[in-house]
Amino acid sequence: MTVHRGRWSLEDRLEQGLRELPFDVPPGTASVTVELAYGGGVIDLGCHGPDGFRGWSGGARSRYTVSTEWATPGYLPGELEPGAWHVWLGLHRIPPEGVPYEVTVTASRSPADPAGDPPPPRPERPPRRDLPAPAGMRWLAGDLHSHTVHSDGTLTVHELACLAASRGLDFLAVTDHNTVSHHPELPAAAAHAGVVLLPGQEVTTDLGHANVFGDTGWVDFRRPSADWAAFAGARGGLMSINHPLSGDCAWRHPLPEEHRPRFAEIWHPSWWDRRWGAPLAWADVWRPGGVVPLGGSDFHDPAQHKSLGEPVTWVLAEGEDVLGALAAGRTSISADPGAPVLLRVGDELIAVGADGTVLVRPDGGRVAVRGDRVRIAADGVGMHRLETHENEVIALCG
């Protein structure tokens, strides 16, 4: 057993926000359990072994186990290589009086393998919406921001997938904070629920969050943000800036223009009054060449005010290639699966279910929409939107 005790001060946090406490894993160890106790503030928790990253749970847990066959959600099971390991402590919120802490590490030769619960029944799916698309392609409805028990969500991967299907979604990005331990569970859950589950990670720091989409492996949140995008791109993934104007989660990382990703989560539940133009203004200055707008519910818990699929990101895909459609910038966002939507098909914009709204072009020009399926010539590159007569944004299109 290894025990670390002490008190973290505000000065400690300012000097170095992520601390590593060492412990030794002897040969023959089958499981390791780490327990954290502290008073006041918020301390995040994670783990690193001799061969690299082994898990992260942030402030959602105070205890985890890593074993050869099983690990606490958020952590990676597998061989426990002998040698020097480290408990990661993120000094997230440390008040002026400091925070006393105690970390206890227990190594065992007995593996941990708790029995898992069976998946929920396959849900009924609402009818899919008929939206105009070119031959060989179709519009898929999805949500690009969600969490499970592998970070600070309350649903398992299977439960979340079934909820997505019951909401009429075709795909869902599962983007747990600073971990990829949920990725191995995605194929089975996707097949069971009948939805596409896109591997993701929400790279989470005090200066802002970003989603990385694709099977890229773990993105090291300790690195500069420019490295996240380069890492994702080198492995066939995509990076998107999350909720750039959302309270203390707003994007504040310095990022030179040449490293700024094309994708940004413009529509997020923190945009609670969509007459507020700040997210659109941010997009205009973020990337002069144009931002590909994305939307995500940031879903964590059915008991919260957020609903999965509110908003919906639509992608114009060949088959089920969601990542390819995103990479091509073929996206649209609506408030929910049945809400008015603005689609770009070739050189045309098609407003569906939007009679009486106003189309706003990238240059500020406005056109009244009259009819259920209205086709209007697109005006070059940039973000188009539909607004009500009270200037409330109800749909976005890249």
Side-chain angles (χ1 to χ4, degrees), residues 127-144 168 170 240 262-268 271 273-296 309-318 321-322 324-398:
R128 286 184 167 87
R129 196 169 177 185
D130 179 24
L131 295 175
M137 306 180 79
R138 60 178 177 144
W139 288 98
L140 303 179
D143 191 327
L144 288 171
D170 300 302
S240 169
R262 299 163 52 217
F263 305 91
E265 188 182 61
I266 301 301
W267 195 325
H268 177 268
W271 194 17
D273 184 346
R274 294 196 304 276
R275 297 170 298 178
W276 182 48
L280 304 176
W282 179 91
D284 284 342
V285 299
W286 170 252
R287 189 178 172 92
V291 167
V292 178
L294 305 181
E310 295 184 10
V312 163
T313 298
W314 300 87
V315 299
L316 182 59
E318 299 180 76
D321 185 9
V322 174
L326 288 173
R330 299 191 297 263
T331 70
S332 177
I333 311 172
S334 64
D336 60 56
V341 63
L342 181 65
L343 310 173
R344 183 164 189 155
V345 179
D347 294 329
E348 282 190 319
L349 299 170
I350 307 174
V352 180
D355 184 36
T357 64
V358 177
L359 170 68
V360 184
R361 299 183 184 277
D363 64 1
R366 294 170 181 260
V367 179
V369 176
R370 296 294 187 183
D372 182 58
R373 292 200 176 199
V374 179
R375 295 176 179 266
I376 304 170
D379 187 18
V381 177
M383 190 159 47
H384 296 72
R385 63 186 186 270
L386 292 177
E387 294 183 351
T388 68
H389 69 284
E390 294 181 332
N391 299 328
E392 179 187 7
V393 175
I394 61 169
L396 288 174
C397 180

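Keep in mind that this is a model prediction, so the values were computed, not measured. The chain is numbered in sequence order, starting from 1.
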Worksheet item: So, the side chain of R274 versus the backbone of A395: is there a donor-acceptor pair under 3.5 Å, distance only?
Response: no
Practice prompt. Please answer whether the main-chain N or O of C397 pairs with a side-chain N or O of S332 as donor and acceptor at a distance below 3.5 Å.
Written response: no
Worksheet item: Of the non-hydrogen atoms in L396 and W271, which two are nearest, and what is the gap between them?
Response: CD1-CZ3, 4.3 Å
Worksheet item: Atom CG in L349, atom CG in L359: separation rounded to 0.5 Å?
Response: 6.0 Å
Discussion item. Give me each pair satisfying side chain to side chain donor-acceptor pair (under 3.5 Å) with a member in residues 334-356, each pair once, sequence neighbours excluded.
Written reply: W314-S334, E348-R375
Response to the item:
On a heavy-atom basis, the closest approach of V352 and L131 is CG1-CD2, 4.1 Å
Practice prompt. Search all heavy atoms of P279 against all heavy atoms of I266 and return the closest pair with its distance.
Written response: CB-O, 3.9 Å
Fill in: From I376 atom CD1 to L342 atom CG, the distance as rounded to the nearest 0.5 Å
7.5 Å
Worksheet item: Can you find a pair of side-chain heavy atoms, one from P134 and one from L316, that are under 4.5 Å apart?
Response: yes
Item to complete: Evaluate the side-chain proximity of R129 to W139: yes if any heavy-atom separation is below 4.5 Å, no if none is.
Response: no
Discussion item. Please verify the inter-ring angle class for W286 with W282; under 30° counts as parallel, over 60° as perpendicular, anything in between as tilted.
Written reply: parallel
Worksheet item: How many angstroms lie between atom CZ of R330 and atom CE of M137, to the nearest 0.5 angstrom?
Response: 3.5 Å
Fill in: Intermediate values then yes/no, side chain to side chain contact (heavy atoms under 4.5 Å, CB included), L280 and R385
CA-CA 10 Å; L280 304 176; R385 63 186 186 270; 3.6 Å; yes
Worksheet item: Does the side chain of V369 come within less than 4.5 Å of V358's, by heavy atoms?
Response: no
Worksheet item: Atom OG1 in T313, atom CG in L140: separation rounded to 0.5 Å?
Response: 12.0 Å
Practice prompt. Over all heavy atoms of both residues, which pair between G295 and I333 is shortest? Give the atoms and the distance, please.
Written response: N-CD1, 3.6 Å
Item to complete: Using a strict cut-off of less than 4.0 Å between a Lys/Arg side-chain nitrogen and an Asp/Glu carboxylate oxygen, indicate whether E392 and R275 qualify as a salt bridge.
Response: no
Item to complete: Can you see which heavy atom on A325 is nearest to which on V315, and at what distance?
Response: CB-CB, 3.7 Å
Practice prompt. Could you tell me which non-hydrogen atom of L294 sits nearest to which non-hydrogen atom of S240, and how far apart they are?
Written response: CD1-OG, 3.6 Å
Practice prompt. Check whether any side-chain heavy atom of E265 lies under 4.5 Å from a side-chain heavy atom of L144, and answer yes or no.
Written response: no
Discussion item. Is it the case that the side chain of D170 and the backbone of G142 share a donor-acceptor pair, with hydrogens and angles ignored and the cut-off at 3.5 Å?
Written reply: no
Worksheet item: So which pairs with a foot in residues 358-373 pass side chain to side chain donor-acceptor pair (under 3.5 Å), sequence neighbours left out?
Response: R366-E387
